[in-house]
Amino acid sequence: MVIPLRVTFEYAPTAISYDPKEKQIYWTDDYGNIYRSFLNNGTQEAVVRGLSSPMGIDVDVIGRNVYFADSNDNNIRVASLDGSYQAVLVDVQSPQSIVLDSVDG
C-alpha cells in the first residue's frame, strides 16, 4: 500500500529521516536548514537554520534527538527534536551521512 506524502519541499532535500513516534519526517536542505513535517497534514517548520552544509540526518527514536552531519563545518552534531538545544559531538573531515543504532547505542 502506497501512502502519498502531504509534504511540499520548498528546496530539494539532501537527506531524510523518519520519526515513527510522532509520525514526522525530518530533512536537510542545500540552504543550511533542517525541517520537520507531520505526515498527516503536511504542516512543516524549520527546526535548525543557518548551518553551513547539513548532509546526513537521523532521528534517535529512543533518545528523542536528531543527529546530523555538517559537511563544511567538519562535524557531527546533535539537536533536540525542536532544535532548542544543539551541540557538536565530534569533528570529522567532510561527513556526508549518518546512521544511528538506537537500540544498542
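From a predicted model like this one, the values you see are computed outputs, not experimental measurements. Nothing fancy with the numbering, it's 1 onward along the sequence. Only heavy atoms go into these numbers, but all of them, side chains included; no hydrogens, no water, no symmetry mates.
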Taking the side chain as every heavy atom from C-beta outward, state whether Pro13 and Asp29 have any pair of such atoms under 4.5 Å apart.
no
Measure from the side-chain N and O atoms of Gln86 to the backbone N and O of Ser84, and report whether any donor-acceptor pair falls under 3.5 Å.
no
Trp27 side chain near Ile57 side chain, heavy-atom distance below 4.5 Å
no
Contact list for residues 74-100, test ring pair (Phe, Tyr, Trp, His ring centres under 6.0 Å), sequence neighbours left out:
none
Check residues 14-25 and write down every donor-acceptor pair under 3.5 Å in which the side-chain atom is one partner and the other belongs to a residue at least two apart or another chain.
residue	atom	partner	partner atom	Å
Thr14	OG1	Asp30	OD1	3.2
Ser17	OG	Asp58	OD1	3.0
Ser17	OG	Val59	N	3.0
Asp19	OD1	Lys21	N	3.1
Asp19	OD1	Arg64	NH1	3.0
Asp19	OD1	Arg64	NH2	3.3
Asp19	OD2	Arg64	NH2	2.6
Gln24	OE1	Tyr26	OH	3.3

If you look only at pairs with a residue in residues 40-56, which of them pass as a salt bridge (charged side-chain N to carboxylate O under 4.0 Å, His left out), with sequence neighbours excluded?
Arg36-Glu45
Of all heavy-atom pairs linking Ala79 and Phe68, the shortest is CB-CE2, 4.0 Å
For Pro54 and Gly32, the nearest pair of non-hydrogen atoms, with its separation, is CD-CA, 3.5 Å
Between the OG atom in Ser80 and the CG atom in Asp60, the distance rounded to the nearest 0.5 Å is 12.5 Å
If I take atom OG from residue Ser53 and atom CG from residue Asp73, how far apart are they, to the nearest 0.5 angstrom?
8.5 Å
Hey, any chance Val48 and Val66 share a hydrophobic cluster, counting ILVMFWY side chains that come within less than 4.5 Å of each other, even indirectly?
yes
For the backbone of Gln96 and the side chain of Ser71, can you confirm whether one donor and one acceptor N or O come within less than 3.5 Å of each other?
no
Single-linkage hydrophobic cluster, 4.5 Å side-chain cutoff, Leu51 and Val47 together:
yes
Residues at least two apart in sequence or cross-chain that pass side-chain contact (heavy atoms from CB on, under 4.5 Å) with Asp91, listed by chain then number, are Asn75, Val88
Please identify each residue that fulfils side chain to side chain donor-acceptor pair (under 3.5 Å) with Asn40, with sequence neighbours left out.
none
Treating Ser97 as the side-chain partner and Gly56 as the backbone partner, does any N or O pair qualify as donor plus acceptor under 3.5 Å?
no
When Ile, Leu, Val, Met, Phe, Trp and Tyr are grouped by side-chain heavy atoms lying under 4.5 Å apart, directly or through other members, which residues fall in the same group as Leu89?
Tyr67, Ile76, Val78, Val90, Val92, Ile98, Leu100
